[in-house]
Amino acid sequence: MDQTQKIAQSLGSAVDAIGPERMGNLEGPLYEFSRRYCPTLCVDVVLVPESKRPSVILARRGLNAVAPGEEWIFGGRVDKGLDYILVGEKKTESELGLKVTLSPNDVIGF
């Protein structure tokens, strides 16, 4: 059995164990594996206020976050089937309380 077949067999066993249509949060070890080894589309939102002086709006990380108390560009993962523009809008509202309207023209890159 070659390496590809071994990986396919292991992943097949994982799907059998957790079920093919997993909804909700993943258990810790499975989440950590996914976070480390699976490509994930994420959005980062950079708000640039209109003013004469260049600036951006940052969020301060909570006490339970990575790097607590540090200022950060906010954003998050885009789950399968979701629109990245909508995720950016929702993250801005949930993390800063600001309602914004984004468009594909606002996207800098992937």
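Numbering of residues begins at 1 and proceeds along the displayed sequence.
Few gaps surround CD on Glu32; more than 12 heavy atoms of other groups in view lie less than 6.0 Å from it.
Taking CG from Leu102 and CG from Leu86, the interatomic distance works out to 9.5 Å, rounded to the nearest 0.5 Å. Here the OG-CD distance, from Ser10 to Gln5, works out to 12.0 Å after rounding to the nearest 0.5 Å. Annotation: the span from Arg77 atom CZ to Ser34 atom OG amounts to 7.5 Å, rounded to 0.5 Å.
Under a 3.5 Å cut-off, the side chain of Thr4 and the backbone N or O of Asp2 do not form any donor-acceptor pair. Using modelled atom types, no side-chain atom of Asp79 and backbone atom of Leu82 make a donor-acceptor pair closer than 3.5 Å.
Counting heavy atoms from C-beta on, the side chains of Ile85 and Ser103 never come closer than 4.5 Å. Considering only heavy atoms from C-beta on, Glu89 comes within 4.5 Å of Thr101 through its side chain. You'll find the side chain of Leu96 reaches within 4.5 Å of the side chain of Leu47, heavy atoms only. Taking 4.5 Å as the limit, every side-chain heavy atom of Asp44 sits out of range of all side-chain heavy atoms of Phe74.
Hydrophobic cluster membership for Val48: Val46, Val56, Leu58, Ile73 (Ile, Leu, Val, Met, Phe, Trp, Tyr linked by side-chain heavy atoms under 4.5 Å, directly or transitively). Annotation for Tyr37: hydrophobic cluster partners, listed by chain and number, are Phe33 (ILVMFWY side-chain heavy atoms under 4.5 Å, direct or chained).
By the rule that hydrophobic residues join a cluster once side-chain heavy atoms approach within less than 4.5 Å of another member, Val43 and Trp72 end up as members of separate clusters.
By the side chain to side chain donor-acceptor pair (under 3.5 Å) test, Glu95 is found to be paired with no residue, residues two or more places apart in sequence or in another chain being considered.
When every heavy atom of Ala65 is checked against every heavy atom of Pro68, the shortest pair comes out as O-CD, 3.4 Å.
A salt bridge between Arg61 and Glu70 is absent, with no side-chain N of the basic residue lying under 4.0 Å from a carboxylate O of the acidic one.
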